[in-house]
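Below you'll find the structure, written out as structure tokens, and then a few comments.
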Amino acid sequence: MSRVYNFSAGPAVLPEEVLREAQEEMMDYRGCGMSVMEMSHRSAAFQQIIDEAEADLRELMNIPKEYKVLFLQGGASLQFAMIPMNLMKNRVADYIVTGQWAKKAFQEAQKFGKANKIATSEDRTFSYIPDCSDLPVSPDADYVYICENNTIYGTKFKELPNTKGKVLVSDVSSCFLSEPVDVPRYGIIYGGVQKNIGPAGMVIAVIREDLITEDVLPGTPTMMTYKTHADAGSLYNTPNCWSIYICGKVFKWLKRMGGLAVMKEKNEEKAKLLYDYLDSSKLFRGTVVPKDRSLMNVPFVTGDKDLDAKFVKEAKAAGLENLKGHRTVGGMRASIYNAMPREGVEALVAFMKKFEEENL
Ligand SMILES: *Cc1c(COP(=O)(O)O)cnc(C)c1O
């Protein structure tokens, strides 16, 4: 067996400990005589898996009791529709567009009502986060929407926007559980788990209880109504049992690591290794305004397309995989999520130094 350092933006690296545990339990989950993939979602064994996953997540994020935790399917992209269908009572919502994912959410919301783009950083290829301290928030907005960490462009909101009292909805797909979070500042925090938590095919949504109602837009399908899933403890229909199981193991791993404050320190150290090198390099440069840099996704370029391609190819041969940038941006991107060990980032920086010496 040989594992590589996997810098994929998602699906992405998982903790080796978690993969080993799943391997050990694959044929016989704790004396059940079957794997979790073969188990009824109505069984006592699975109920314990989902209950523990929720309890551990609540502990990690310090989620107040007025918030529900939902395990949903359809990916983060389905939330682009579910959010307006459940929240747009006045049919007005304000969007801060800081990248492709926020843009997609903004475009989807236009199907359901008046979606206003109240700020954007598209003028400079989404390389920064706009000042959101005093935006023209609509008086009748049902919510203000952000994508907190922009996976493709590598920017992160270091301060939440001033929503002037409106409900804040945040897509945290690529920064989920990377640092402590102040849940009461949000109405909804949600993310696809395949970036920083677990296997693809599931979204976790943490939603303030008063936002979960039967008063949804006419025609909203049962499966797209938050209340359906909240009332059924995320077991209205068959959930993504496998993803819930692995996410649960990742939550326990995060607790063993010391929780989100410790993860933040580790993530800051790892990101600093890479950013410090980028700032000193004569060949590579980061593409994001330093104050808005993400700890999770680090895009960089040489400025020469052919050299970028050569770098990605040689890095792969050296066991550093998935460093090609997003197709809309080019260059390179290193995603250094929770499960990327510090040694992986050190190996990347060492390889970049060597490449710089050989190619400058
Ligand atoms: C990957 C990603 C999405 C889309 O996730 P799917 O689960 O593939 O729908 C949405 N938002 C952000 C920030 C992402 O990184």
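Residue numbers start at 1 and run along the sequence shown. As the structure lists them, so they are numbered: ligands from 1, and atoms in each ligand from 1. Excluded from the calculations below are hydrogen atoms, water molecules and symmetry mates; all remaining heavy atoms, backbone and side chain alike, are included.
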Close approach, Ser77 and ligand 1, non-hydrogen under 4.0 angstrom: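 A heavy atom of Ser77 does come that close to ligand 1.
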Do Phe176 and Tyr190 have their ring centres less than 6.0 Å from each other?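 Ring centroids of Phe176 and Tyr190 are no less than 6.0 Å from each other.
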Identify the protein heavy atom lying closest to [atom], giving its residue, its atom name and the separation to 0.1 Å.
{"atom": "atom 11 (N) of ligand 1", "answer": "Asp171 OD2, 2.6 Å"}
{"atom": "atom 5 (O) of ligand 1", "answer": "Ala76 CB, 3.4 Å"}
{"atom": "atom 2 (C) of ligand 1", "answer": "Lys195 NZ, 2.4 Å"}

Indicate yes or no: does Lys255 engage Glu59 in a salt bridge with an N to O separation below 4.0 Å. yes
Charged N to carboxylate O below 4.0 Å: is that the case for Lys249 and Glu25?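 Looking at Glu25 together with Lys249, the answer is yes, because their closest N to O distance falls below 4.0 Å.
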Purely on distance, is any nitrogen or oxygen of Cys147 under 3.5 Å from one on ligand 1?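 Cys147 vs ligand 1: no N/O contact under 3.5 Å.
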Backbone or side-chain N or O of Asn149 under 3.5 Å from ligand 1 N or O: no
Ligand 1 atoms in contact with Thr151 (distance to a heavy atom under 4.0 Å):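 Contacts of ligand 1 toward Thr151, numbered from 1: 12 (C), 13 (C), 14 (C), 15 (O).
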Heavy-atom contacts with Gly75 under 4.0 Å: which atoms of ligand 1 show up? List them by number with element. 7 (O), 9 (O)
Apart from Val4 itself, what residues make up its hydrophobic cluster when side-chain heavy atoms of I, L, V, M, F, W and Y under 4.5 Å apart count as a link, directly or indirectly? none
Under-4.0 Å heavy-atom contact with ligand 1, by part of Ala200 that carries it: neither
Heavy-atom distances under 4.0 Å are what count here, so tell me which part of Gln194 touches ligand 1: side chain, backbone, both or neither.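 Side chain only.
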Glu343, CD atom: more than 12 neighbouring heavy atoms under 6.0 Å: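 Counting neighbours around CD of Glu343, more than 12 heavy atoms of other residues, nucleotides or ligands fall under 6.0 Å, so yes.
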Which atom of Gln47 lies closest to which atom of Leu235, heavy atoms considered: OE1-CD1, 3.4 Å
Can you name the residues that form a ring pair (Phe, Tyr, Trp, His ring centres under 6.0 Å) with Phe351, not counting sequence neighbours?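 For Phe351 the ring pair (Phe, Tyr, Trp, His ring centres under 6.0 Å) partners, ignoring immediate neighbours, are Phe311.
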